[in-house]
Amino acid sequence: MKNIMIVDDSRVSRMMIKNIVVDQHQDWKIVEAGNAEEALKLCTEFTPDYFSVDLNMPGRDGLELIDLLKPKFKSAKFALLTANIQQATHVRAEKLGVRSFNKPVTLESISQMLGYFNEQN
């Protein structure tokens, strides 16, 4: 069984991502966070194998959160979901070893993210 944390300030986006994950991986445990601070608190009780992180959130953005989490979860895979198409954002993500996936949340974009999570390291 795998664990995934979905971090997004949009409740609708979290619900859509969760529904797609559940449809494709019924045995995964899913935890949701509405912002970076909530995610950091939940990580004291939950050890994710995968992180789906929105870029634009109030407070810390998704890349700042990932930068804090990566040292604690060395074997986890991180996906950045963003509508930001600026090359600088994608370069920042790549430097952190994070794969970017484009929003809006669709079956196709989340299936691509799940495919990335399922790739062998």
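Note that the coordinates shown come from a computational prediction; the quantities given were computed from them, not determined experimentally.
For the salt bridge (Lys or Arg N to Asp or Glu O under 4.0 Å) test, residues two or more places apart in sequence or in another chain that qualify with K103 are D8, D54. Qualifying side-chain hydrogen bond (donor to acceptor under 3.5 Å, both in side chains) partners for T106, counting only residues two or more places apart in sequence or in other chains: S109. Every residue meeting the side-chain contact (heavy atoms from CB on, under 4.5 Å) condition with L107, not counting sequence neighbours, appears here in chain and number order: I20, Q24, S111. Scored by the side-chain contact (heavy atoms from CB on, under 4.5 Å) test, A39 finds M5, V7, A33, L65 as partners (sequence neighbours excluded). Listed by chain and residue number, nothing satisfies the side-chain hydrogen bond (donor to acceptor under 3.5 Å, both in side chains) test with R92 (two or more places apart in sequence, or in another chain). Q86 pairs by the side-chain contact (heavy atoms from CB on, under 4.5 Å) definition with N84, T89, not counting sequence neighbours. With sequence neighbours left out, N35 forms a side-chain contact (heavy atoms from CB on, under 4.5 Å) with E37, E38.
With rounding to the nearest 0.5 Å, the separation of CD1 in I17 from OG in S10 is 8.0 Å. Separation of atoms OG (S75) and CG (D49) is listed at 7.0 Å; rounding is to 0.5 Å. Taken to the nearest 0.5 Å, the CG atom of N102 stands 5.5 Å off from the NE2 atom of H90.
The list of salt bridge (Lys or Arg N to Asp or Glu O under 4.0 Å) pairs with a residue in residues 26-35, not counting sequence neighbours, reads R14-E32, K18-E32. Residue pairs meeting the ring pair (Phe, Tyr, Trp, His ring centres under 6.0 Å) criterion with at least one partner in residues 2-33, sequence neighbours excluded, are H25-W28, W28-Y50. Applying the salt bridge (Lys or Arg N to Asp or Glu O under 4.0 Å) test to pairs two or more places apart or on separate chains, none has a residue in residues 106-118. Applying the ring pair (Phe, Tyr, Trp, His ring centres under 6.0 Å) definition to pairs two or more places apart or across chains, those involving residues 59-89 are F51-F73, F51-F78.
Within the 4.5 Å cutoff, the side chain of I110 has heavy atoms near those of the L81 side chain. Using a 4.5 Å cut-off on side-chain heavy atoms (C-beta onward), I4 and P48 make no contact. Residues I30 and I6 meet the side-chain proximity criterion, which asks for heavy atoms closer than 4.5 Å. Side chains of L69 and L40 form a contact here, defined as non-hydrogen atoms less than 4.5 Å apart. When side chains are defined from C-beta on, L68 does not count as touching E64, because their heavy atoms never get closer than 4.5 Å. Within the 4.5 Å cutoff, the side chain of K77 has no heavy atoms near those of the R99 side chain.
In the hydrophobic clustering of this structure, F117 groups with V21; members are Ile, Leu, Val, Met, Phe, Trp, Tyr whose side-chain heavy atoms approach within less than 4.5 Å, directly or through other members. The hydrophobic cluster containing M15 does not contain L42, counting ILVMFWY residues as joined when their side-chain heavy atoms lie under 4.5 angstrom apart, directly or transitively. L96 and M57 fall within the same hydrophobic cluster, where Ile, Leu, Val, Met, Phe, Trp and Tyr residues are linked whenever their side-chain heavy atoms come under 4.5 Å apart, directly or through other members.
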- request: Show your working on side chain to side chain contact (heavy atoms under 4.5 Å, CB included) between M113 and S52 and close with a plain yes or no.
  value: CA-CA 8 Å; M113 179 185 76; S52 169; 3.6 Å; yes
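Pairing each heavy atom of L80 with each of A93, the nearest pair is CD2-CB, 4.1 Å. Closest heavy-atom contact between A36 and R60: CB-CB, 3.6 Å.
Side-chain atoms of N118 come within 3.5 Å of backbone N or O of L114 as a donor-acceptor pair. A side-chain donor-acceptor contact under 3.5 Å links N3 to the backbone of T47.
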